[in-house]
Amino acid sequence: MTTTRPLGEPLNRRDGTEKTTGRARYALDVPHDGLLHGAIVHADVAHARITSIDTTRAEQQPGVVLVMTHLNAPTLKPTARPTLVSLPSWAPGTMVNYLNTDEVFFDGQPVALVVAETLDQAMEAARFVTVTYDELPSRVDMMAEEKHSELVKPAPVGIYTGGKKGDAEAALAAADVTVDATWTTPEHSHNAMEPHGTTAQWDGDALTVWDGAQNLDWTKKHLQKKFDTSRVRVVSPFVGGAFGGKGNVWAQTILAAMAARELGRPVTVALTREGVYRVVGGRTATKQRVALGAGADGRLTAIIHQVWQRKGTMGGGDDQTVSGTADLYAADSILLQQYGVKLDLVPNTSMRAPGEATGVVALESAMDELAIALELDPVELRLRNQPTKNPMRGTAYSHHTLPESMRLGAEKFGWSARTPEPQSMRDGNHYVGWGMAAAVHPAWQFATNLTLTLSADGTLLVRCAFHDMGMATATATAQMAAHLTGIPESSIRIEYGDSDLPIGPGAGGSGQTASIAAALIKAAADLDRQLENLMSNGGRTPAEILTRAGRTSLEVKVGGDTGLGAVRGNVGFMAKLIRDSRKWTKAASGAHFCEVRIDADTGETRVSRWVSVFDIGTVVNHKTATSQLRGGVVMGLGLALSEATLFDPRRGRIMNPSLTEYHVPVHADVPRLEIHVLDDPDPTMPLGILGAGEVGIVGVGAAVANAVHHATGVRVRDLPITLDKVLPN
Ligand code: MOS
């Protein structure tokens, strides 16, 4: 089959007009007859037993049809992991069996749901529920609980949480030049534009949920187990951002389904913005020791990275915070360790580059400190320590382009004009500094089923239960399908966002596009073979071949099973993934260069210039891929300068659960971001794709911190870099 060259074209996203004109229907925009609304009553203690709940007054409020608590809620199956498809060390949201227990495991846990005819009625009535507690001992302050943390035992595959090579402490002690310091990063919340919300409706034992989800299949399996029914459908064609925060099933989904079954009517539970902070986990705080030892020649002899972070007592997981350190630089002796402590807080969950986003901040800041100690240019230090194979795992790099990204970035930025002395680039009343850092993020892939349907009118339909939560996945899928089948992109239709479609990959781990690519490659080859079989009747285009053969359509399936069978059929896929992981280090990577300008009187830090160069393998759509990368950098600026979810260290209550007090970057905080991509296919990934969603955020915090140091001479190792921390003495 001939191929066109739609790959890489900067096409507009397919759902762009619908989204920007407000016509796109998100989960809660779907109308339902007889819809009821639920409002959550949150616990305001960290750990307790409920001694009484008085719902009388709430029940008397106008419009109220049900007040559900642990005293009258239906019994649910315990929360279980959707095995085979779940990452083993991560819980699916929280393990709390909502309204099936009198125990409170974190501040914010739902202890009642008030359901009424309107949202206002439900919210008003929820204020009248009074709960009394018997408080239990709690641990809520990660930094104070370090003594209770336990070493995370590294798993053979999947999330990377540690390893050891040589005697790194001894090598550090013997090194000519060393850096040994501690970094801290706070908790973060995702803050997607669309807060979490679910509408649930039952028809007999069949449950349908309209849910802004990131993984239809996990959500479906979770609900199947929880509600003990095989008949579950999850619909989410549009998702207003997620960043990891909608990868698991959170309280609103469970509560909506519980209430809808009790009442025999559709029920919406929409989290308030504060509710999102309180029931949906965010990114764990970290405390990190990075110690580097080097010879006078600038070659690393020792790398130590030890991390302390937290989970919840009822769920959460281990961010792979040392993963980037395992991949970036060569050294003979390396020690990578993670420690975790369970706290009485809402369980953490994955948030854009869970691990690398914070871990690489510490590593790449330490590299900057080492460069200064060695009187070497930061780029030169990194170039001198490029490994030929993965220094921890011994695997070959499928793609090793970091030197190229750093050189190109330095050139585009004009890095050679940098004077190394701190404060040497002062401009009037502003300290000016230039900093750089590397980025890396592993390339993941997930088992994917899909169908291709070719019609005699020349159109192609791709059906796959993937997600497009803002990345333009449908657009990329059409471009890949056009590339592989030769059918024009404009003649390709994509159905997605519905769990009744063949099971697709969740939108996570930056792995969705490559996963769809792998399935499309198989399906397109199948389609080709079948068309060849029909060619005896003549015809040159697929449409002609079908018409001459007297067919109206032709369908091919990859996997093609939406039940558990598809997962079993994917054992072969997993086996290949594991074989591959023993052979290759596959990762997207890049380099950031930035300028900061700091007001000498107020300490206000503005990022004034930014250049990043990334290797994401093949670029499927230049516009939407660079938009993903740009979004990653923007989120990194938040991590660097302003974002922090503040838990009261005594009570575990979030003190800033709103966008007025949790500061995400706004337009005025973001300079023009110059984003370059190498566009060089990775030889081991489907269509050469490494993934673009997460690598952009990695290293941003370090590039900014390094620029702040260059500007002022002040080394900030405690994020975010707020103005009180940056002014020189
Ligand atoms: Mo993600 S943190 O893989 O959405």
Side-chain angles (χ1 to χ4, degrees), residues 82 85-93 158-161 185 187-194 196 211-219 236 239-250 276 280-284 286 309 311 315-321 323-324 347-360 439-448 466-473 497 504-516 586-588 616 627-629 631-636 638-639 643 645 664 689-700:
V85 289
S86 186
L87 299 166
S89 71
W90 281 89
I159 305 237
Y160 185 87
T161 56
T185 65
E187 300 265 339
H188 294 136
S189 299
H190 308 78
N191 282 302
M193 289 262 279
E194 176 202 35
H196 297 57
D211 191 47
Q214 227 178 312
N215 193 313
L216 291 163
D217 191 43
W218 290 5
T219 305
S236 50
V239 181
F243 314 110
K246 294 172 184 169
N248 288 309
V249 176
W250 300 99
V276 176
V280 177
R283 191 197 297 284
T284 175
T286 70
Q309 50 198 26
K311 303 188 216 187
D318 299 308
D319 278 8
Q320 49 174 15
T321 309
S323 164
N348 68 312
T349 193
S350 47
M351 179 167 167
R352 206 169 199 166
E356 298 87 355
T358 48
V360 173
V440 66
H441 188 271
W444 295 85
Q445 259 184 273
F446 310 103
T448 301
F466 66 76
H467 294 257
D468 193 340
M469 56 190 194
M471 314 84 79
T473 315
S510 305
Q512 191 173 235
T513 309
S515 305
I516 296 167
K586 305 184 184 195
I616 56 169
S627 176
Q628 276 295 294
L629 294 164
V633 173
V634 171
M635 215 160 162
L639 173 148
E643 291 189 42
T645 309
V664 298
I689 297 163
L690 285 165
E694 289 167 293
V695 68
I697 193 177
V698 180
V700 170

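Whatever order the structure lists them in is the order used to number ligands and atoms, beginning at 1. Here the structure is a predicted model, which is why all the values come from computation and not from measurement.
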*Ligand-residue contact atoms, ligand 1 with Arg352, heavy atoms, under 4.0 Å*: 2 (S)
*Contact check, side chains of Arg283 and Glu187, non-hydrogen atoms, under 4.5 Å*: no
*From Leu690 atom CG to Ile616 atom CD1, the distance as rounded to the nearest 0.5 Å*: 8.0 Å
*Passing option when Lys246 is tested against His190, Glu194, Gln214 for side chain to side chain donor-acceptor pair (under 3.5 Å)*: Glu194
*Is there a heavy atom in Glu694 that sits closer than 4.0 Å to ligand 1?*
yes
*With side chains defined as the heavy atoms from C-beta onward, is the minimum distance between Trp250 and Thr349 less than 4.5 Å?*
yes
_Any nitrogen or oxygen of Gly244, side chain or backbone, less than 3.5 Å from one on ligand 1?_
yes
_Show me which atoms of ligand 1 lie under 4.0 Å from any heavy atom of Gly509._
1 (Mo), 3 (O)
*So is Pro354 close enough to ligand 1, meaning a heavy atom under 4.0 angstrom away?*
yes
_Note, Gln512 side chain near His467 side chain (heavy atom, < 4.5 Å)_ = yes
*Hey, is Ala242 one of the residues with a heavy atom under 4.0 angstrom from ligand 1?*
no
*Less than 3.5 Å between some nitrogen or oxygen of Ser510 and one of ligand 1, yes or no?*
no
*Indicate yes or no for a side-chain donor-acceptor contact from His188 to the backbone of Leu639 under 3.5 Å, with no hydrogens or angles considered.*
no
*Report, in ascending order of atom number, the atoms of ligand 1 lying under 4.0 Å from any heavy atom of Met351.*
2 (S)
*Using a 4.5 Å cut-off on heavy atoms from C-beta on, say whether the side chain of Glu356 contacts that of Pro442.*
yes
*Tell me: protein heavy atom nearest atom 4 (O) of ligand 1, and distance?*
Gln214 NE2, 2.5 Å
